[in-house]
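First up is the structure itself, then whatever we jot down about it.
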Amino acid sequence: MKIKTYLLTFGLIASSIISTYFVTVSTAQQGTQSQTVATADNEYQVGAILFMQKAAEFRALCYQAFNLAQMNLDADFDRKNVKKLPKAERKMTRAVVVDIDETVLDNSPHQADLIKKRLPFTPTIWTDWVNRRMAKPIPGAVEFLKYASSKGVRVFYVSNRNESEKQGTIDNLKAVGFPDVSGETVLVRTSESGKEARRQIISAKYRIVLLMGDNLNDLSNVFERKSVDDRFAEVDKTREMFGRKFIVLPNAMYGDWESAIYEYRRLNEVEKTAKRANTLESY
Ligand SMILES: [Mg+2]
């Protein structure tokens with residue numbers, strides 16, 4: 001069995017070395033600097049992308065998340081629940097905070113394009129995709145947020161897209177029908193990727209009823225930069241929050257769950273492939 005594992009690991013490493021050897025696929029112009037884009041070993045993402053694009057189960061999970069969100073929001077309007085709140089919060093306007101990518105917008109065509117071209121994620125290619133304003137909504141997202149907005153709930157879109165992508169993002173969100181989209185409600189990344197400061201800006205004025213995201217960091221800072229095991233431990237500690245104030249959308253394509261496997265280090269393609277192979281639990 002061990003020999004089999006070694007052979008599998010060796011095979012994966014060898015194939016990565018070969019694929020990385022045939023580097024320098026395209027040269028992207030970035031200002032006056034030219035940037036060499038290497039080939040990526042991203043074949044392993046095919047299943048995750050097909051699940052998002054072709055599995056009716058994925059669609060059902062999204063509906064499940066937004067139905068649950070709506071049930072919780074309705075319950076929040078119940079007078080009995082309002083009375084349980086601290087006095088200062090009772091009259092505050094409600095807010096729903098959502099992440100954007102893979103929470104309300106579907107970027108799987110961008111991911112699929114990278115796989116077809118064997119390209120790694122790069123900020124340049126990503127910004128190009130964002131500025132095309134082509135992303136479709138995640139199933140159920142527009143309907144739920146419109147419902148929330150119709151009830152007087154403010155919607156905040158807290159994303160780690162950057163400032164130069166803000167207008168494209170606003171245009172895309174508006175074009176597919178999201179409510180309450182403006183420079184005020186779309187909070188992009190500023191100096192830090194952590195979202196806590198932005199959540200605090202919102203909660204200074206509004207009562208956050210729900211937080212929705214495909215990444216645990218969209219919900220709380222307790223998960224940030226934690227190891228795989230510590231992420232499990234934090235989820236266990238906060239388990240009562242899930243399906244209540246915290247609602248998670250499925251994303252097997254990418255996320256901090258994967259960065260945690262790489263221990264948040266900048267690994268090359270060969271190292272990443274080896275890390276993935278060595279992390280798999282068998283029996
Ligand atoms: Mg996201």
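Values in this document were obtained by computation on a predicted structure and should not be read as measured data. The basis for the numbers below is simple: all heavy atoms, side chains too, and nothing from hydrogens, waters or symmetry mates. Counting starts at 1 for both ligands and their atoms, following the listed order.
- For Lys146, the NZ atom counts as loosely surrounded, since its 6.0 Å shell holds 12 or fewer non-hydrogen atoms of other residues, nucleotides or ligands.
- Inspection of the environment of the Mg ion (ligand 1) yields the following protein N, O or S atoms under 2.8 Å: Asp99 OD2, Asp101 O, Asp214 OD1.
- Every residue two or more places apart in sequence or in another chain that forms a side-chain contact (heavy atoms from CB on, under 4.5 Å) with Lys54 is listed here: Leu50.
- Under the rule for a ring pair (Phe, Tyr, Trp, His ring centres under 6.0 Å), the partners of Phe242 that lie at least two apart in sequence or sit in another chain are Phe246.
- Residues passing the ring pair (Phe, Tyr, Trp, His ring centres under 6.0 Å) test with Phe223: none are found, sequence neighbours excluded.
- Classification of the Trp126-Phe121 ring pair by plane angle, with boundaries at 30° and 60°, yields tilted.
- With a 6.0 Å cutoff to the six-membered ring centre and a 45° limit on the axis angle, Arg276 counts as a cation-pi contact of Tyr44.
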